[in-house]
A.B. asks: 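The structure follows.
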Amino acid sequence: MKVQLQVLDCDYKMLRGKPLIRVYGKTEKGEPVCVFYDRFLPYFYAQVPDEKKDDFVREIKEKFGASIEEVERYLPIGYGPKVKVMKITGKDPGNVPEMKELTYRYGTPYEADILFRYRFMADFGIKGMGWIEADGDLERTDTVSCKALIADTIKPIENPKNIPLKYMALDIETIPDGDRVPEAGKDEIIMISMVFKPEWNGHDKTVILAKLHKSPDKDVMGTPSEMEMLKKFADIVADYDPDIITGYNINAFDMPFITERMKTYGLLPQLGRCEKPVLIKKMQNSMLVSITGRIVADTYDVIKRDPWMKFKRYDLRTVAKELLKSEKLDIGGIAEIKAHWRAGGEKLDKLIEYCVRDSELAMKLVKEKNLLDKFYELAKVSGLLLQDAFGGQSQRHENKLLYAFKQRDIIMACKPEGDEMKRRDIERKKVGLKGAVVLEPAVGLHTGGSVLVLDFASLYPSIIRSFNICPTTYVRGETTASFHTSPNNARFVDKSVREGVLPAVVTELVETRAAVKRQMKTATEPEVIRQLNAKQLALKDMANSLYGYTGYIRSRLYVMDVAGAITSYGRENITKTKELVENNFNVKVLYGDTDSIFMKTDIADLDRAQQKGEEISAYVTERLPGLKFAFEKIFKTFLILSKKRYAGWKFEKSGDTWKDKLEMKGIETVRRDWCELTTESMSEVLRIILKEQDSKKAIAYTRDVVKGLSEGKVPLEKLTVVKGVTRGLSAYKGMQPHVELAKKLMARDPTRSSMVGERLGYVIVKGNALLSMRAEDPAYVKENGLEIDPQYYVENQLLPPLERIFDALGVSRIEVLEGVRQKNLAEMFGGKKSAPPELTTLNGWDGITCRKCGWSAAVPPLAGVCPKCGDQIFFSKGGELGKFVKAA
DNA sequence: CCGACGCGGGG
DNA sequence: GTGTACGCGTCGG
């Protein structure tokens with residue numbers, strides 16, 4: 001029988017001494033199917049000097065029962081003819097690493113570190129999320145949970161469709177004792193929530209608890225123990241049979257935790273579509289979770305890595321609020337989970353709701369924000385399995401190039417190991433890899449006329465294509481073929497001699513993208529347009545990052561000359577362009593970076609300025625073959641502080657109206673350690689400078705803010721900086737304001753068991769203590785009439801970013817602050833530092849002391865406890881102790 | 001301008 | 001599982 005399916009996953013297992021490939025996928029009808037294939041063996045290539053061949057062949061045959069065939073292939077690096085290499089076929093993929101090491105002792109292995117499943121997929125032309133047709137017989141098996149077919153033939157087929165998948169989002173709650181992050185070795189899971197799309201047996205969600213619980217809610221289910229809950233969880237996963245498992249930070253937390261808890265009870269964590277248990281791999285920092293037959297998609301991972309999604313913090317609270325306008329449920333801090341769990345009743349209901357909400361948010365992120373679309377397409381473009389498409393760029397290029405090399409009879413190099421990595425490190429330190437050129441900026445504010453910005457559309461891909469740059473066209477030594485020399489003095493054969501693989505791949509990516517964009521214009525269904533857009537983005541990603549792979553130190557195709565050639569052409573190009581425009585047009589180049597040039601014209605009219613831009617674009621493009629220098633945007637006013645830092649009043653045409661916007665690069669107005677006052681002042685100063693072109697007004701505005709600060713007129717909310725307490729307080733080494741505040745809060749309220757997980761807002765109050773010690777809770781400041789420290793806010797929050805701006809305008813700090821009332825200035829910068837107000841009222845007592853360690857001081861510390869030992873402190877008078885100083 | 005730490009998310 | 005794979009910000013030199 002024949003079956004067609006979209007490929008979700010692929011693995012292999014050894015069966016009766018032979019590897020059995022298993023391709024997991026879904027049919028058009030949405031039925032999960034696994035295709036077996038048992039006639040494929042692991043192989044790789046070896047190049048061994050003639051005099052060592054006999055020994056090598058004998059040893060590898062003896063040790064591994066390998067069979068050897070001599071074949072002709074091109075080598076991956078350097079232009080040259082095919083050479084004779086040995087194709088070594090083994091019996092077990094597990095032996096290949098050892099065979100590779102053996103080969104290194106005699107010569108050079110190739111393709112000896114390609115994962116077996118990718119070896120198979122590349123040879124059969126199968127791609128992740130692509131479609132295949134298999135012909136074979138139904139197979140009775142208990143190793144996979146879905147229908148299985150033992151295939152005679154497997155081949156890729158064309159089908160642009162994406163099968164609707166089944167999604168399950170999950171979230172667990174645990175209750176560690178004390179101030180710790182939960183540890184699977186010690187702490188129990190108390191509940192697991194799951195959200196289903198589409199629904200499971202009439203449930204769109206379900207929550208299971210690690211204790212018996214009667215609930216009128218059909219979606220809530222108690223179990224006698226954690227172990228029973230975990231069993232139930234595995235049952236639900238098997239019964240629902242999701243394709244995608246998602247959740248927030250499940251790779252680093254929930255999945256490893258569940259897996260380990262199951263193991264402690266002797267339960268095998270089989271959550272996949274075969275007999276293999278969940279595989280958790282911890283790398284230096286992050287975790288890798290593999291569940292065969294399914295895809296684990298961690299929304300946190302996806303969002304954190306997406307360069308387009310920038311947040312102050314990447315916790316679920318922040319991300320959900322920004323992206324979904326939906327919030328996590330508030331249960332009063334993470335430490336409250338235990339109390340809610342123990343209390344039962346309504347409190348437990350609330351905790352259940354809290355747990356469900358987290359799963360719902362993760363599901364919404366995936367489904368409403370279509371977070372996975374691009375990864376489906378990246379899988380199809382690169383050939384990687386969807387699970388692996390979440391990884392880095394390098395794997396995508398590696399796999400894409402493996403396919404391309406194979407089609408051309410070129411063998412792929414292995415990844416660098418110990419010695420080779422050392423060599424590369426040293427080479428890089430010695431020679432260096434020169435990057436792009438950044439033109440010296442004309443620092444300052446540019447007004448009058450306009451600033452045109454033009455840039456080279458996909459510069460590096462264009463260079464790779466135009467100059468046929470590739471490891472396979474790189475000339476080493478003598479050659480009779482015709483070649484050209486790059487600005488960094490590397491030689492590449494002309495395209496007429498041999499087209500490079502990189503140029504061919506880039507061309508395919510760029511042309512496919514153009515075709516997809518054309519399709520988008522005629523498509524009508526939103527669903528289709530979305531998918532096409534994702535595909536277009538994936539193609540763009542791949543095309544633009546291929547250059548990076550050539551210069552990546554762990555690349556299989558790392559040749560400094562090749563990476564250097566691309567950037568050297570880039571540098572030459574932008575320098576040439578600068579000359580071209582300055583010599584032939586009435587413009588002055590103000591700045592340029594890598595592929596863009598900013599030029600000042602005296603044309604104020606937007607339409608005429610654009611016309612000039614188009615003119616320049618055509619002129620340059622005509623003179624630089626293979627590249628397109630495109631008009632991008634106009635700035636009416638442009639402020640440049642330094643390389644990579646500028647702001648401009650941008651105008652872009654949409655339809656036939658001009659839309660304006662303030663654009664900022666490298667000048668952040670939002671940063672997590674800045675208070676709102678700073679953010680707001682930055683934006684306003686930039687707005688005044690760029691839109692009103694009135695630096696006097698900007699200075700006056702700044703003075704007003706400073707004045708407001710010194711007079712205590714700025715609301716505390718605008719001065720508050722929020723930071724999260726992420727670990728136990730004793731785990732912090734250095735001094736951080738929010739941590740010190742947390743310590744104070746704990747001291748003030750002994751009922752608090754932990755601050756971990758809390759987000760603390762703080763302001764800095766007046767005083768002599770170290771900065772961090774002067775962080776205070778805004779509410780406490782209000783209640784007790786404390787004063788904020790205006791000097792801190794002016795010197796540390798407000799002025800540093802503003803000074804950089806005024807600097808570029810040639811305005812000094814003195815000028816900015818001039819005219820702020822003399823009294824305030826003296827108070828703030830003049831020297832004498834005022835003590836907290838209540839200290840002046842210590843009538844009758846002459847100091848403060850700690851009875852326990854003897855610490856003493858003239859003024860009480862804000863913490864209200866001894867800064868040395870944390871014990872209670874007392875008023876003192878002539879050696880006798882007074883009463884306990886209660887800070888509140 | 002560097003190299004080495006260190007941290008993120010989760011309960 | 002034929003794997004070794006961050007990336008940015010801060011701090012001290």
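Here is the naming used below: chain letters follow the sequence lines, and residue numbers restart at 1 for every chain.
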A.B. asks: Whole angstroms only, please: what is the CZ-C1' distance between Arg119(A) and dT2(C)?
C.D. replies: 10 Å
A.B. asks: So what does Gln395(A) touch, heavy atoms closer than 4.0 Å: a base, only the sugar-phosphate, or nothing?
C.D. replies: base
A.B. asks: Does a side-chain N or O from Tyr12(A) land closer than 4.0 Å to OP1 or OP2 of dT2(C), or not?
C.D. replies: yes
A.B. asks: Taking CG from Asp123(A) and P from dT2(C), how many angstroms apart are they, rounded to a whole number?
C.D. replies: 14 Å
A.B. asks: For dG1(C) and dA5(C), measure between their P atoms and round to the nearest Å.
C.D. replies: 15 Å
A.B. asks: How would you label the contact of Asp171(A) with the nucleic acid (heavy atoms, under 4.0 Å): base, sugar-phosphate, or nothing?
C.D. replies: sugar-phosphate
A.B. asks: For Phe64(A), answer base if it contacts any base atom (sugar-phosphate contacts may also be present), sugar-phosphate if it contacts only those atoms, and nothing otherwise; contact means non-hydrogen atoms under 4.0 Å.
C.D. replies: nothing
A.B. asks: Grab the CG-P distance between Asp298(A) and dG8(B) for me, whole Å please.
C.D. replies: 16 Å
A.B. asks: What's the CD-C1' distance between Glu417(A) and dT4(C), to the nearest Å?
C.D. replies: 11 Å
A.B. asks: Using ring centroids (six-membered ring only for Trp), state whether Tyr110(A) and Phe44(A) fall under 6.0 Å.
C.D. replies: no
A.B. asks: Here's a test for you: under ring pair (Phe, Tyr, Trp, His ring centres under 6.0 Å), which of Phe253(A), Tyr300(A), Tyr314(A) qualifies with Tyr248(A)?
C.D. replies: Tyr300(A)
A.B. asks: CE of Met421(A) versus P of dT4(C): gap in Å, rounded?
C.D. replies: 11 Å
A.B. asks: If you pin Glu173(A) and Lys304(A) to their nearest nucleotides in DNA chain B, which one's is more 5'?
C.D. replies: Lys304(A)
A.B. asks: In whole angstrom, give the distance that lies between atom CD1 of Ile334(A) and atom C1' of dG9(B).
C.D. replies: 12 Å
A.B. asks: Answer yes or no on whether Lys347(A) is positioned over the face of Trp341(A), meaning its NZ or CZ is under 6.0 Å from the six-membered ring centre and within 45° of the axis.
C.D. replies: no
A.B. asks: Under 4.0 Å between any heavy atoms, over every strand shown, what does Pro97(A) touch: base, sugar-phosphate, or nothing? Just pick one.
C.D. replies: sugar-phosphate
A.B. asks: Measure CZ/Phe253(A) against P/dG10(B) and give the value in whole Å, please.
C.D. replies: 10 Å
A.B. asks: Counting side-chain heavy atoms from C-beta on, which of dT2(C), dG9(B), dA5(C) comes nearest to Leu288(A)?
C.D. replies: dA5(C)
A.B. asks: dG1(C) C1' sits how many Å from Asp11(A) CG, rounded?
C.D. replies: 10 Å
A.B. asks: For Lys310(A), report the nucleic acid contact type (base, sugar-phosphate, nothing); a contact means any heavy atom under 4.0 Å.
C.D. replies: nothing
A.B. asks: Run through Thr292(A), Asp11(A), Thr143(A) and flag the one making a side-chain hydrogen bond (donor to acceptor under 3.5 Å, both in side chains) with Lys276(A).
C.D. replies: Asp11(A)
A.B. asks: Apply ring-ring contact (aromatic ring centres under 6.0 Å, His included) to Tyr558(A) and Tyr549(A), showing your working.
C.D. replies: CA-CA 8 Å; Tyr558(A) 182 82; Tyr549(A) 186 65; 9.8 Å; no
A.B. asks: Classify the nucleic acid contact of Lys415(A) as base, sugar-phosphate or nothing, counting any heavy atom under 4.0 Å across all strands shown.
C.D. replies: sugar-phosphate
A.B. asks: Need one value for Leu279(A): base, sugar-phosphate or nothing, where a base atom within 4.0 Å counts as base even if backbone is also close, heavy atoms only.
C.D. replies: base
